[in-house]
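Scroll down for the structure; my scribbles are underneath it.
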Amino acid sequence: MSKPPPALMDKIVSLCKRRGFVFPASEIYGGQGSTYDWGPLGVELKRRVKDAWWGSLVYDRQDVVGIDSAIIQSPEVWKASGHVGGFSDPLIDNKTSKQRYRADHLVEAKVEKYRKKGKDQKSQVLQEKLNTAVGDNEALRQLILDEGIKCPVSGTDDWTEVRQFNLMFQTHVGAVQDSASVAYLRPETAQGIFINFNNVVTATRKKLPFGIAQIGKSFRNEITPGNFVFRTREFEQMEMEFFCRPEEAPEWYQYWQQQRFQWYVDLGVDPAKLRMREHAQDELAHYAAGCGDVEYLFPFGWSELEGVANRTDYDLKKHSECSGTSLSWFDQENNQHVTPYVIEPAAGCDRTAMTFLVDAYDEEGEGDDKRVVLRFHPRIAPVTVAIFPLVKKEGMPERAEEIERGLRRRFTTAIELNQSIGRRYRRQDEIGTPFCVTVDGDTLQDGTVTLRERDSMSQERVPADQLAAALEQRIEAWRRPQPAPAV
RNA sequence: GCGGCCGUAGCUCAGUGGUAGAGCUCUACCUUGCCAAGGUAGAUGUCGUGGGUUCAAAUCCCAUCGGCCGCUCCA
């Protein structure tokens, strides 16, 4: 009789809109698919994600510095990096099953099939054919037909043409839209770091190993965006390129995987829903010698939050070749130039914020008693402390405002004067505010207030003039509630 | 692009041809004394859009726009 309860993601999407975390973009014009605007609470959440990342990678250490490079660089940058030629997918559709495939993946699957059957020579020949066909749509399609590759779903070879789909957004720079003015929106922030390698070394006198961090927007014309803000065409990246001696790269690779995994755990994400997944050799991008993903178990399955890759010296060497400027580091001890290897932890800011939302979401009780609570880490919560007068009289509102003013320099605060105290507590629970302070009759007498904690709903009397210290102490001591929320 | 689902109030949705609704939310006032309290009054809609059928369309027909999910890919 009753409908199935809305799925977790639906509830979160609805809460996000209702309370101002995330709005569908261009809504009054009918919307823009898979595009979202971050609202007043969402922007605070994202800001805290970025602050936590920057704090951990830049402020908490002496071997990483930051930069903020341009979104629109010379098109030469993307030719050198391989994005103009390689950052595109050859797609082919099966007309019978209406399924779409990566044309090269179909051929690769065949190569693999030959190899598993022990037909190594056939496998090798086909691999070579594939290598020459890459970038040539006609040849790729012919290869599929020649090999008799059929659609796994329909079992037919009724294929469409192969079409190339470049994932970079193009734009035009300058007044005249001719081919000379073509430019690209960056598909990753990393290249802005590589091309500034010499500048940073000279300016900071950094010695290997050291890293350069950057947070900023990137753009990819994804064929399949979706899952709320998980995959969007415009997104914010948090990337760090860590430069080291080639022989030290494996060690740093392990180190950064461990560091980055722990970052999520330290910010309260359920360790049972986090894992590291090492890429198989055939999954690796053209520039990578190894890559491990931090994955989170979303309602729609395990998905990547962050990739930690060993990019080797690929990028610095390519830019050295293509620009004619040597991007290398002079090792004075051994009196030689070294092209460093690069370990890159690359995280998605929006999907990390979404992880915190999903992971923090909890419901307690049933029906009218139901409590929806976002159990954010206090350092992540958009509002740290809310201040209420117990009732709207006897000078309590004024006293509450006074206390709020005293706290707002050190914490993100909110003040609510209307509605019953219980309702105000629940509203703050729903946006994940970890602490609420209530001014009552006793406050006016003895100067103490009620400090209420979100997770346990427990209350304590605290002198109002010691609130800041009490809050700091509780933020520091915060631990993910046990047992872990089960939704 | 293909397939599935879907567009009615800020949110969640009901409404199968006869005056656009409910719950929550929101606003004002009263009440209030620590966990979604009660009362009174009130606000909110081009029923996605355009056309057609009809005395009459949110509802039937046609077209169109948009959204979500799935298919390739990744941060």
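Because the structure is predicted, anything quoted here is derived from the model rather than measured. Naming convention: chains lettered A, B, ... in sequence-line order (proteins, then strands); numbering from 1 in each chain.
- No contact: R424(A) has no heavy atom under 4.0 Å from any strand.
- The separation of G45(B) from U49(B), taken at their P atoms, amounts to 14 Å, rounded to a whole angstrom.
- Atom pair R311(A):CZ and C74(B):P shows a separation of 13 Å (rounding to whole Å applied).
- Side-chain atoms of D293(A) never come within 3.5 Å of backbone atoms of E295(A) as a donor-acceptor pair (strictly under, hydrogens ignored).
- The base-pairing partner of A9(B), taking Watson-Crick or G-U wobble contacts with both distances under 3.5 Å, does not exist among the strands shown.
- Counting distance only, with no hydrogens placed and no angle test, the side-chain atoms of R102(A) and the base atoms of C71(B) include no donor-acceptor pair under 3.5 Å.
- Rounded to whole Å, the separation between the P atoms of G67(B) and G52(B) comes to 27 Å.
- F230(A) comes within 4.0 angstrom of a nucleotide base, judged by non-hydrogen atoms across all strands.
- Partner assigned to A58(B) is none, using Watson-Crick or G-U wobble distances below 3.5 angstrom.
- Among the atoms of the strands shown, base atoms are found under 4.0 Å from some heavy atom of M396(A).
- Checking Y36(A) against M457(A), the closest nucleotide of RNA chain B that is more toward the 5' end is the one next to M457(A).
- Of the C1' atoms belonging to U12(B) and G50(B), the separation is 29 Å, rounded to the nearest Å.
- For the pair F228(A) CZ and C69(B) P, the interatomic distance rounds to 10 Å; values are reported in whole Å.
- Residue I421(A) is classed as a sugar-phosphate contact, given heavy-atom separations below 4.0 Å to backbone atoms only.
- At a cut-off of 3.5 angstrom, the base of C74(B) holds no donor-acceptor pair with the side chain of E222(A).
- Remark: the backbone N or O of D270(A) is paired with a side-chain donor or acceptor of D359(A) at under 3.5 angstrom.
- T443(A) places a side-chain N or O within 3.5 Å of a backbone atom of T448(A) that can act as its donor or acceptor partner.
- Between the C1' atoms of U53(B) and A63(B), the separation comes to 15 Å (whole Å).
- Residue S14(A) is classed as a sugar-phosphate contact, given heavy-atom separations below 4.0 Å to backbone atoms only.
- Across the protein-nucleic acid pair, F235(A) atom CZ and C74(B) atom C1' stand 8 Å apart, rounded to whole Å.
- Between R231(A) atom CZ and U72(B) atom P there is a gap of 9 Å when expressed in whole angstrom units.
- Between R426(A) and the phosphate of A37(B), there is no side-chain N or O to OP1/OP2 separation shorter than 4.0 Å.
- Cation-pi geometry between R260(A) and W263(A) is satisfied (NZ or CZ under 6.0 Å from the ring centre, within 45° of the ring normal).
- Here Q237(A) lies in heavy-atom contact (under 4.0 Å) with sugar-phosphate atoms only.
- Straight-line distance between the P atoms of U59(B) and U8(B): roughly 14 Å, to the nearest whole Å.
- Taking the nucleotide of RNA chain B with the nearest heavy atom to each of V439(A) and W302(A), the more 5' of the two is matched to V439(A).
- Taking atom C1' on both A14(B) and G38(B), the two are 27 Å apart, rounded to the nearest angstrom.
- Figure legend. U64(B) is base-paired to G48(B); pairs are counted as Watson-Crick or G-U wobble with both atom distances under 3.5 Å.
- Distances shown here put a side-chain N or O of K17(A) below 4.0 Å from the OP1 or OP2 atom of C11(B).
- Heavy atoms of S34(A) sit under 4.0 angstrom from primed sugar atoms or phosphate atoms, though from no base atom.
- At the heavy-atom level, L15(A) lies nowhere under 4.0 Å from the strands shown.
- Partner assigned to C71(B) is G1(B), using Watson-Crick or G-U wobble distances below 3.5 angstrom.
- A donor-acceptor contact under 3.5 angstrom links the side-chain atoms of T450(A) to the base of C34(B).
- Between T450(A) and Q459(A), the side chains place no donor N or O within less than 3.5 Å of an acceptor N or O (distance only, hydrogens not considered).
- Nucleic acid contact class of Y296(A) (heavy atoms, under 4.0 Å, all strands): none.
- When heavy atoms are screened at a 4.0 angstrom cut-off, Q32(A) is found touching the sugar-phosphate backbone but no base atom.
- The aromatic rings of F300(A) and F298(A) sit parallel, their planes meeting at an angle under 30°, below the 60° perpendicular limit.
- At a cut-off of 3.5 angstrom, the base of C34(B) holds at least one donor-acceptor pair with the side chain of D440(A).
- Remark: R452(A) fails to qualify as a cation-pi partner of F435(A) under the 6.0 Å distance and 45° angle criteria applied to the six-membered ring.
- Atom-to-atom, CZ of F300(A) to P of G70(B) comes out at 8 Å; the value is rounded to the nearest Å.
- Note on T232(A): a base of the nucleic acid sits closer than 4.0 angstrom, heavy atoms only.
- Taking the six-membered ring for Trp and the full ring otherwise, F242(A) and W256(A) have centroids separated by under 6.0 Å.
- With hydrogens and angles ignored, a donor-acceptor pair under 3.5 angstrom links the side chain of R452(A) to the base of C35(B).
- Of the listed nucleotides (C35(B), G33(B), C68(B)), G33(B) has the atom at the smallest distance from the side chain of E394(A).
- One can place NZ of K46(A) at 17 Å from P of A75(B), the figure rounded to the nearest angstrom.
- The pairing partner recorded for U40(B) is A28(B), the criterion being a Watson-Crick or G-U wobble arrangement whose two distances lie under 3.5 angstrom.
- A36(B) has no base stacking with the ring of Y425(A) when judged by centroids under 5.5 angstrom apart and an interplanar angle below 30°.
- A distance of about 15 Å separates the C1' atoms of C47(B) and U16(B), rounded to the whole Å.
- Separating the P atom of G18(B) from that of A57(B) is a span of 11 Å, rounded to the nearest Å.
- Regarding K392(A), its NZ atom lies at a distance of 18 Å from the P atom of C34(B), rounded to whole Å.
- Using a 4.0 Å heavy-atom criterion, one finds that E234(A) contacts no nucleic acid atom at all.
- Shown here, C34(B) forms no base pair; nothing in the strands shown gives a Watson-Crick or G-U wobble contact with both key distances under 3.5 Å.
- Residue K393(A) is in base contact, counting any heavy-atom pair closer than 4.0 Å across all strands shown.
- A14(B) makes up no base pair with any nucleotide shown, lacking Watson-Crick or G-U wobble contacts both under 3.5 Å.
- Between the R311(A) side chain and the A288(A) main chain, no donor and acceptor come within less than 3.5 Å of each other.
- If you check C34(B), A36(B), A75(B) against the side chain of E430(A), the one that comes closest is A36(B).
- Of the candidates C35(B), A36(B), G33(B), the closest approach to any side-chain atom of V372(A) belongs to A36(B).
- For the pair N227(A) and G70(B), the criterion of a side-chain N or O lying under 4.0 Å from OP1 or OP2 is met.
- Side-chain N/O atoms of R220(A) include one lying less than 4.0 angstrom from OP1 or OP2 on A75(B).
- For the 3.5 Å distance criterion, the side chains of H83(A) and Q191(A) fail to qualify, holding no donor opposite an acceptor.
- The distance from atom CZ of F298(A) to atom C1' of C69(B) is 17 Å, rounded to the nearest whole Å.
- In terms of phosphate contacts, Q419(A) brings no side-chain nitrogen or oxygen within less than 4.0 Å of OP1 or OP2 of U32(B).
- Residue T438(A) places its side chain closer to C34(B) than to any other of A75(B), C34(B), G33(B).
- Within the shown strands, nothing qualifies as a pairing partner of A20(B) under the Watson-Crick or G-U definition with both distances less than 3.5 Å.
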